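Structure, as structure tokens:
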Amino acid sequence: MSIRPESRNTEDPESGGSARSRRNPESETVSDAFLKAIPYGILLLSNDGVLLRANDQAFTELNLPPDVRGQRLTDVVSIFNCEKSLLPRMLAELNDGTEQIALPANTFVQGRDKKARLFIRGRMNRLNEEEILFAFRNVVEEVTRDFMLKMALSSTKIFPWFYDMDQHKMIIDPRYFEYTRISSADHSMTLEEFTERLHPDDREAMAHAFAQQLNGEHYPYPVPFRLRLGGGSYEWFEGQSTYLGQVEGVPYRVVGICMSTQAHKNIEEALTTARDKAEQSDRLKSAFLANMSHEIRTPLNAIVGFSNLLADKNASVSSADAQEYADLISKNCDYLLTLVSDILDLSSIETGIMEYRFSTHPLAYLLTDIYRKYDHLTSEKVKLHLLLPPEDVQLETDVLRLRQALDNLLVNALKFTDEGRIDLGFSLAEDGASVRIFVSDTGRGIPEEQFDRIFERFYKVETFVQGAGLGLSICKTITENLGGTVTVASRVGEGSCFTLCLPLRRRS
Ligand code: ADP
């Protein structure tokens, strides 16, 4: 027998009155076939929780003994949620007049013999004055799948959504709103709201993909897009969707996921930058080596040639010529020395063995000393000026390294300025805690797009001009190790100004 009706006859056809006060005759005429057909476990209980009737599904799911009728349900199974027994409380509420109570999520039922243990969803209804209907569904599979999905999603930035064709809204995983800091009371967004948040350049591709899906044509490709977050910044995502069912050519529902790909984009960008840098570094190193032979040979040839001339007893060299040759030899020796020390410095910078010894120095005094060294090196058409504020400051720094950085700037200023002036000086920054030391010139200037590149190793704006392209790179590294920054402002044809911004006191 598939349906096991109660043996007890509790019907009282004489008792009239309201639906509530009378037994609903339908409860007795419900056919066995009907009870068997519905995909629910059905239990009919008396007000005090005695089992009157159960369908096959209930017997099977709860593993009820055949002689269960007439027993209290609480003696056969425990129904609980968060460790609390539900049945007595629900029966009490129904007896107090509540018509219907839904089981809370994650309600668990366990048979006394522990053979049946399952999650159920369902509700209890007051059927008539004497009977309560308890309908439930085994949701173990659903709860498990739901839990597994939630667990998997919680460690990702993937957000499922579906498009409700009736409400014309995207219903999105609540985590999405938490993550993007976009506010929505009901975790939904209209297509217009979503489109407004897309980066203008990505709207067309997204509209195309969505239109295809809504027309019932599968569009299985991921669509990358940038979304404006609650905070106003854009983040990269990737969306993918499909549709469920079709009614007269129109999908019943479009479902999809969107996934933040920002972390991948960041890695991709970092890798691309690193690769570009490595490639560029490689190119620059090759250019450097090719250049080096020229940079070293030219001064060496000059030194050897003029030395030979001076040493040649047969050559009649006037004393004025001899002085000129000696000056040329000295100049080329200086150049070679700078070149060699730049290369050595670069190698100690790159291997991290350049040492810094900090002590306190009066800055005006230091700049005056540097000024004296360069003043007589300028050409006739270029004048070097020292611009100092009325009050000197004490600067905690490695004075040798700072001199080296300024030397590089001054050598460049001299090299690239044919006429006009070069200014060396400093001013105290507004914060009173740092100084700006500047070297400005009225030389040929630097195109703005080269501002960053000139600080790279081996980089020269014009490859044919003498120099190894190391001075500014060394200057930048030194300044940063002194706790400061170096910046450039320049206009082609007008001049350049390099500024070192250094803290007065060493930052620990
Ligand atoms: P180099 O030793 O070749 O001068 P740097 O690293 O010192 O190398 O400078 C790199 C490039 O920056 C130079 O080749 C030059 O093109 C440009 N540059 C640097 N300083 C100046 C300046 N004061 N005026 C114009 N161009 C400059």
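Counting convention: from 1, in listed order, for ligands and their atoms alike. Fair warning: this is a prediction, and the values are worked out from it, not measured in the lab.
Panel note: side chain Asp441, backbone Gly443; a donor-acceptor pair is recorded below 3.5 Å. Without hydrogens or angle criteria, Arg137 side chain to Pro39 main chain gives no donor-acceptor distance under 3.5 Å.
Of the listed options Arg457, Lys415, Arg453, Gln450, Lys415 places a heavy atom closest to atom 4 (O) of ligand 1. Across Ile474, Leu414, Leu472, Val492, heavy-atom proximity to atom 6 (O) of ligand 1 is greatest for Leu472.
Judged by the shortest distance from any of its heavy atoms, Asn408 lies outside the 4.0 Å radius around the atoms of ligand 1. The shortest separation from a heavy atom of Phe498 to ligand 1 is under 4.0 Å, placing the residue in contact. Note on ligand 1: Gly443 sits outside its first shell, no heavy atom being nearer than 4.0 Å.
For Glu193 and Arg197, the salt-bridge test fails: no basic side-chain N is under 4.0 Å from an acidic carboxylate O.
From the protein, the heavy atom lying nearest to atom 12 (O) of ligand 1 is Ile454 CG2, 3.4 Å. In this structure, the protein non-hydrogen atom closest to atom 15 (C) of ligand 1 is Phe416 CZ, 3.4 Å. Protein heavy atom in closest approach to atom 26 (N) of ligand 1: Ile446 CG1, 3.3 Å. Among protein heavy atoms, atom 7 (O) of ligand 1 sits closest to Asn412 ND2, 2.8 Å.
Contact check for Pro362 versus Leu395: no side-chain heavy atoms found under the 4.5 Å cut-off. Side-chain contact between Phe194 and Phe225 is present, with at least one heavy-atom pair separated by less than 4.5 Å. Counting heavy atoms from C-beta outward, Thr378 and Thr417 have side chains that stay 4.5 Å or more apart. Within the 4.5 Å cutoff, the side chain of Tyr371 has heavy atoms near those of the Leu384 side chain.
Within ligand 1, counting atoms from 1 as listed, the ones closer than 4.0 Å to a heavy atom of Gly469 are 1 (P), 2 (O), 3 (O), 6 (O), 8 (O). Atoms of ligand 1 found under 4.0 Å from any heavy atom of Lys460 (numbered from 1 in listed order, with element): 3 (O), 14 (O). The contact set between ligand 1 and Tyr459, taken as ligand atoms under 4.0 Å from a residue heavy atom, comprises 10 (C), 11 (C). Shown in contact with Ser496 at under 4.0 Å from a heavy atom are these atoms of ligand 1, numbered in order with element: 24 (N). Listed by atom number, the atoms of ligand 1 under 4.0 Å from Gly471 heavy atoms are 5 (P), 6 (O), 7 (O), 8 (O).
Between Gly445 and ligand 1, not a single N/O pair is under 3.5 Å apart.
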Trace of the ring pair (Phe, Tyr, Trp, His ring centres under 6.0 Å) decision for Phe438 with Phe498: CA-CA 6 Å; Phe438 53 84; Phe498 286 85; over 10 Å; no
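Residue contacts with ligand 1, taken as heavy atom pairs separated by less than 4.0 Å, involve Asp441 solely via side-chain atoms from C-beta onward.
Residue pairs satisfying the salt bridge (Lys or Arg N to Asp or Glu O under 4.0 Å) criterion with at least one member in residues 316-329, sequence neighbours excluded, are absent.
Between Gln240 and Trp161, the closest heavy-atom pair is O-CZ2, 4.3 Å.
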